[in-house]
Protein chains: 2
Amino acid sequence: MKLDERKKKILSSVVEDYIESAEPVGSKTLVEKYKLNYSSATIRNEMKVLEEEGFLEQPHVSAGRIPSTKGYRYYVDNLMKERKLSMVDIDYINNTINGFGDTDAIFEQVADVVSKVLSTPTVITRNNTDTIENIKVVKISEKLLLIVLMSKNGTVKDCIAKLTDTVEDSVIDQMTSILNQNLTGTPLGELHYALNKVIRRDLEAFSTVMGDIVNSIKYEMSKDLKKLNSGVEKILDNPEFTDIERVKNFINMISTKEIIDSALQKTEENKLSIVIGSENKEVLLNDYTVISLDIEKDNKYLGKLSVIGPKRMDYAKTISTLKYIKDKFNTALTSNKKEEAKGDNSE
Amino acid sequence: MKLDERKKKILSSVVEDYIESAEPVGSKTLVEKYKLNYSSATIRNEMKVLEEEGFLEQPHVSAGRIPSTKGYRYYVDNLMKERKLSMVDIDYINNTINGFGDTDAIFEQVADVVSKVLSTPTVITRNNTDTIENIKVVKISEKLLLIVLMSKNGTVKDCIAKLTDTVEDSVIDQMTSILNQNLTGTPLGELHYALNKVIRRDLEAFSTVMGDIVNSIKYEMSKDLKKLNSGVEKILDNPEFTDIERVKNFINMISTKEIIDSALQKTEENKLSIVIGSENKEVLLNDYTVISLDIEKDNKYLGKLSVIGPKRMDYAKTISTLKYIKDKFNTALTSNKKEEAKGDNSE
DNA sequence: TTTAGCACTCTTTTTGTTCAAGTGCTAAAC
DNA sequence: GTTTAGCACTTGAACAAAAAGAGTGCTAAA
């Protein structure tokens, strides 16, 4: 798997030319455009070796070469140079991810920015390993309760329960303490199951009121499973989408939550996960590359942001941008601007 | 614009056959398939008249006829018979729209059901003519306020404001009463502007805390503008989507909030709005039909549900289904199941 | 008023031809 | 041993011509 300098140069030229042109790259193009000081025949011989080694592919005998999954992988791991972001992009990112709003809002902002800067569909999934720290129940009116869930990470969730009957303040206090005893420390993702247990074991006495509360919480939590899709249409401008069937398949795939979920495994500590073409376990994704980064706040895992594009995506730009975004994202999450004064923007 | 019985029969046969087959309908097909007791020559003469009158169109001289916008319009207004829903659909609708959850949840359920039963993209837009009735501010902890907005229609919205500084209870009371004095009666859709006015005029004294509160409310309200899109991919299975450009245009269009918004005018009292092809003011929609119904609760207008399909959509099924859905929808909204005991479903 | 018959038009499908791109191989050159 | 010029070969793309098929409009007869 060791390539000499000339082969490396050829491979990276093929990858970069193909990323730019979407056309198979021939030996002549390579010599002329990338000033390789050899004749096209030499390049041809080298390309043949690269093909035999599995780095390049040939769509058909009279076409140039395109990178294989293995070729892209080698390029990403060994040959690619990271790229500086353009000032335009930097400005746009900095101005848009301003950290205002709650976590949900920031997630939305980021998904939007990424899909705009990279012209690529962007998916954000949330994963709640965050745990319940405290539950408060506040009586708003005769038949309205507010339930506030505070998590260890500092997220505050709340929901309203409309009651069937009026309820004594003392009963509310009792229920609140039972809820706290049973649920403190429960990961938000598992709250659903925990609630079912609680309602069976301890709370039959308060059944209807408790039912109202529990259902209200369950519904609020279900919102969190939501997947955030942004800029799906962007990918359709790539030249690989001239085939109608492919468009349909892609739209279907991206609309199917399960497929995307399955495609995203946990990434390595602090690194971007790059899954190229057939490296994807999900067969439907074998023609695409998925690049994901973990979203963290105070070292807690909150979820994952992924962009999806053709294998022929601009790896250098995508990766540089995502790394930059990751920092901004973290800053936005930790320094929640809600806590800062807002007197300045009078609009 | 009066058509004799034979012309009516021919027109409705052309429309129905074209809806089914997506192919221009010729005179021979008509005679054989729809047992018209005339020769194909007679039918041809009649079709020619119908074309001259603008009810039919001919893609080219050696093709059959397809309905024009005017033809579809006549069909929908005069010829179409409503169809009984299948038991499968009725069951599915009844089981899925169960009225549990808050208004948002019900909207989502309905959008999902509609797009599944009709295999068509479904868009729900919310329009808040609903007005503020009461605002409560509850102190949850030192630096956390809960703001609860209650509307005339009974919707309850709430949001959390994280404060920069601690705040006296008396200040909160003061602010609450100022908010109520200024905002009661304001339509939710205009709250954004009203808040800006308020903060300038009366509340400079409390600026930072008030800023926190106002921004929190603004953010919460912005969620309401959200458009709900369901089943966009469904439309791509129609044979008109073999042209790649058309697919891209459609996906772009449906992703562009403004276009859809502009397409939806207020409908007549208690009726479905059916806008066919070139009847759409928005040029990009001229090849599509948009059918919308108003969503109401206790005679208040809450928003609009629309399905979008090719002009060649199955009008009879779509309209029958939407009428049925409208009832279910209203029932779900009024008899909010949150208020009913949930002891029965122990899962 | 209806219809059989037919010439006509236009699209779709098929088939064949040419063209250009890019290769692999061979033999010569470095 | 490595590199290169040269050339035969393969293949897809583009184009043109031909053939097939569908459905019409019109005429003249029933």
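So that the names make sense, note that chain A is the first sequence line, chain B the second, and so on, each numbered from 1. Because only heavy atoms are used, hydrogens play no part in the values below, and waters and symmetry mates are left out as well, while side chains stay in.
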In whole angstroms, the gap separating C1' of D:dG23 from CD of B:E23 amounts to 13 Å

Worksheet item: Think B:T42 has a side-chain N or O under 4.0 angstrom from the OP1 or OP2 of C:dT2?
Response: no

Q) Quick check: does any side chain N or O of B:S292 sit under 3.5 Å from a backbone N or O of B:K304, one acting as donor and the other as acceptor? A) no

Point to revise | Salt bridge B:D314-B:R83, side-chain N to carboxylate O under 4.0 Å | key: yes

Atom CD of A:E52 and atom C1' of C:dG24 are separated, to the nearest Å, by 11 Å

A:E46 CD to D:dG1 C1', in whole Å, measures 14 Å

For nucleotides 7-23 of chain C, 5' to 3', base contacts (B), sugar-phosphate-only contacts (S) and non-contacts (-) with protein non-hydrogen atoms under 4.0 Å give --BBS---------BSB

Any idea how A:Y315 and A:Y72 line up, ring-wise: parallel (<30°), tilted (30 to 60°), or perpendicular (>60°)?
-> tilted

Strictly by modelled atom types, are A:Y38 and A:E46 linked by a side-chain donor-acceptor pair under 3.5 Å? no

Between CG of B:L56 and C1' of D:dT24 the distance, given in whole Å, is 14 Å

D:dA20 -> Watson-Crick or G-U wobble partner, both distances under 3.5 Å, gives C:dT11

Atom OH of B:Y38 and atom P of C:dT3 are separated, to the nearest Å, by 8 Å

When B:K33, B:R65, B:K28 are each screened for salt bridge (Lys or Arg N to Asp or Glu O under 4.0 Å) with B:D17, the one that passes is B:K33

Whole-Å distance, B:N45 CG to C:dT2 P, equals 9 Å

How are the rings of B:Y288 and B:F250 set to each other: parallel, tilted or perpendicular (split at 30° and 60°)? tilted

Separation of C:dT3 atom P from B:L30 atom CG, nearest Å, is 14 Å

Taken to the nearest whole Å, CD1/B:I43 to C1'/C:dA4 is 15 Å

Mate of D:dA28 across any strand shown (Watson-Crick or G-U wobble, both atom pairs under 3.5 Å) is C:dT3

Subject >> A:S40-A:S27 side chain donor-acceptor pair, cut-off 3.5 Å >> reply: no

